[in-house]
Visitor: 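Have a look at this one before I ask anything.
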Amino acid sequence: MTKAIVLAAPGGPDQFALVEVDTPPPAPGEVQVRQTFSGVNFVDIYHRTGLYPLPGFPAVLGVDGAGVVEAVGDGVDSLAVGDRVAYAGLPTGGYIEIRNLPAERVVAIPATIDDRTAAAAMLRGVTAHMLLKRVHPVVANRTVLVHAAAGGLGLILTAWAKRLGARVIGTVGSPAKAELALSHGLDHAILYKETDFVADVRALTGGKGVDVAYDGIGADTLLKTFDAVRPLGMVASIGQAGGSLPDISLAELGPSRSLSLSRPSVFAYVNDLASYREATAALFAEIAAGLDISVGAELPLAEAARAHLLLENGETSGSILLVP
């Protein structure tokens, strides 16, 4: 038996319960991992509320984490008992002490990186790789806009883009968050609650707009972001923390704006094993070279509901972890 946070039905954090569940031996092609850390991501909130449907209930949420291999199934020769590993992607099931995973979804953690850092970086770091390397390759002298620049993904995007030589403008919700994002390399922090971020972006870019904008807020923020991007630039819509995504017609993108709009899915990205391996290898290499991974909250597994409330209410910066 192992302890898990189980979601009884779609709804609020009150639908979570800490229970004991059976843990079968790993099936052929699987490994069993005793988790040292479980990640909490905004997609978990989408799963909890039913915005992103789950296969059924009761369900265990969580799409990334780190731990130690306790057993291997038949046919697994790439990993061994005692290996430190991390993972990102579907199926859900991370809010648990021990879980079985397909061996192909698990990556070895380099000796120079601790479990806490790996767990905090996995899904957000792979997402950053997808955005910076695949969706709109960022190179030196590009200017990017990162919404929620002090969030878990925002800090990694900011720091990694700076390492690529980009100029990074970010929106943040408070002076404290601005200070944190600036310490991770942000060039300009915009307090979006106090000012018009579009006007500020235009002023900072000489009226041109940024080359690419990353928006995980959705709602009206996504539409406003179109006006902060230069002609022939791109907006990547990567979430909807602030509300439902608007219906957008092609007329919104041009000809006066002449924009590209991307709606990339990190789960589609990691489902391609070559991309997944490339992204995790690049992420670990960047961390080893100095990419800072910030953890804003670290809570016991039993406090998953509190973790969700903190994330929903914007009360943390950086990544959020549960400790099984």
Side-chain angles (χ1 to χ4, degrees), residues 1-8 12-23 26 31-45 47-48 58-71 81-101 105-127 150-153 155-156 180 280 283-284 287 292-324:
M1 303 290 285
T2 185
K3 292 180 180 178
I5 296 292
V6 172
L7 180 69
D14 58 312
Q15 293 294 323
F16 284 140
L18 180 65
V19 302
E20 289 196 343
V21 297
D22 289 326
T23 304
V31 294
Q32 187 170 93
V33 178
R34 178 175 291 276
Q35 300 203 115
T36 48
F37 295 94
S38 301
V40 179
N41 296 273
F42 240 101
V43 69
D44 303 346
I45 294 172
H47 283 145
R48 192 201 74 219
V60 177
L61 304 187
V63 293
D64 65 351
V68 179
V69 174
E70 287 214 326
V81 173
D83 286 350
R84 296 168 52 247
V85 296
Y87 65 90
L90 299 173
T92 64
Y95 295 5
I96 196 169
E97 291 178 327
I98 302 172
R99 70 174 301 192
N100 295 329
L101 286 157
R105 308 304 317 166
V106 171
V107 295
I109 302 173
T112 56
I113 298 174
D114 59 80
D115 291 13
R116 182 175 183 265
T117 298
M122 280 299 288
L123 190 74
R124 294 172 174 91
V126 171
T127 302
L153 174 60
L155 288 176
I156 295 175
L180 176 63
T280 53
L283 172 63
F284 289 154
I287 294 172
D292 187 29
I293 304 299
S294 175
V295 177
E298 188 176 311
L299 303 170
L301 179 65
E303 296 186 24
R306 182 180 168 217
H308 274 232
L309 290 173
L310 290 172
L311 186 57
E312 284 182 290
N313 295 332
E315 296 178 18
T316 64
S317 300
S319 299
I320 300 178
L321 296 175
L322 297 176
V323 185

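Quick caveat, the model's predicted, so the values are computed rather than measured. FYI, the numbering just counts along the sequence from 1.
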Visitor: Drop me the distance from Asn41's CG to Asp64's CG, to the nearest 0.5 angstrom.
Guide: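 Rounded to the nearest 0.5 Å, the CG-CG separation comes out at 4.5 Å.
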
Visitor: Shortest non-hydrogen contact from Phe284 to Ala108?
Guide: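 In this case the closest contact between Phe284 and Ala108 is CE1-O, 3.5 Å.
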
Visitor: Report the C-alpha distance between Val107 and Met122 in whole Å, list the side-chain angles of each, state the deciding distance to 0.1 Å, and finish with yes or no for side-chain contact (heavy atoms from CB on, under 4.5 Å).
Guide: CA-CA 10 Å; Val107 295; Met122 280 299 288; 3.9 Å; yes

Visitor: Quick check: do Pro26 and Val31 have side-chain heavy atoms less than 4.5 Å from each other?
Guide: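 No; the side chains remain at least 4.5 Å from each other.
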
Visitor: Quick check: does any side chain N or O of Thr2 sit under 3.5 Å from a backbone N or O of Ile98, one acting as donor and the other as acceptor?
Guide: yes

Visitor: Backbone N or O of Lys3 within a donor-acceptor pair of the Glu97 side chain at under 3.5 Å?
Guide: yes

Visitor: Would you mind reporting whether Ile45 and Arg48 have side-chain heavy atoms less than 4.5 Å apart?
Guide: yes

Visitor: For Val6 and Phe16, run side-chain contact (heavy atoms from CB on, under 4.5 Å): C-alpha distance rounded to whole Å, both residues' side-chain angles, the deciding distance at 0.1 Å, then the answer.
Guide: CA-CA 6 Å; Val6 172; Phe16 284 140; over 6 Å; no

Visitor: How many angstroms lie between CD1 in Ile320 and CD in Glu298, if you round to the nearest 0.5 Å?
Guide: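 It comes to 11.5 Å.
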
Visitor: Rounded at 0.5 Å granularity, tell me how far CD1 in Ile156 sits from CG in Leu283.
Guide: 7.0 Å

Visitor: Carefully, step by step, assess Val40 and Leu310 under the rule side-chain contact (heavy atoms from CB on, under 4.5 Å).
Guide: CA-CA 11 Å; Val40 179; Leu310 290 172; over 6 Å; no

Visitor: Are Met1 and Asp22 packed together at the side-chain level, in the sense that at least one heavy-atom pair is separated by less than 4.5 angstrom?
Guide: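 Side chain of Met1 against side chain of Asp22, heavy atoms only: contact under 4.5 Å found.
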
Visitor: What's the shortest heavy-atom distance between Ala120 and Val295, and which atoms?
Guide: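 Looking at all heavy atoms of both residues, the closest pair is CB-CG2, 3.7 Å.
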
Visitor: Within the structure provided, determine whether Leu123 and Val43 are in side-chain contact (heavy-atom separation under 4.5 Å).
Guide: yes

Visitor: State, yes or no, whether a side-chain contact exists between Ile5 and Leu61 at a heavy-atom distance under 4.5 Å.
Guide: no

Visitor: Give me the atom names and distance for the closest heavy-atom approach of Leu322 to Pro300.
Guide: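 Heavy-atom minimum between the residues: CD2-O, 3.7 Å.
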
Visitor: Over all heavy atoms of both residues, which pair between Ala121 and Ile287 is shortest? Give the atoms and the distance, please.
Guide: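 Taking Ala121 first and Ile287 second, the nearest heavy atoms are CB-CD1, 3.9 Å.
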
Visitor: Could you tell me the separation between the OG1 atom of Thr280 and the CD1 atom of Ile109, rounded to the nearest 0.5 Å?
Guide: 11.0 Å

Visitor: Could you go through residues 85-96 and list every donor-acceptor pair under 3.5 Å that involves a side-chain atom there, pairing it with any protein atom two or more places apart or in another chain?
Guide:
unit_1, atom_1, unit_2, atom_2, d
Tyr87, OH, Gln35, OE1, 2.4
Tyr87, OH, Arg99, NH1, 3.2
Thr92, OG1, Val60, O, 3.0
Tyr95, OH, Asp44, OD2, 2.6
Tyr95, OH, His308, NE2, 2.9

Visitor: Just how far is it from atom CG of Leu18 to atom CG of Leu301, taken to the nearest 0.5 Å?
Guide: 6.0 Å

Visitor: Is there a side-chain contact between Ser294 and Ser317, using heavy atoms and a 4.5 Å cut-off?
Guide: no

Visitor: Within a strict 4.5 Å, meaning less than it, do heavy atoms of the Leu309 and Glu315 side chains meet?
Guide: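 They are not in side-chain contact.
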
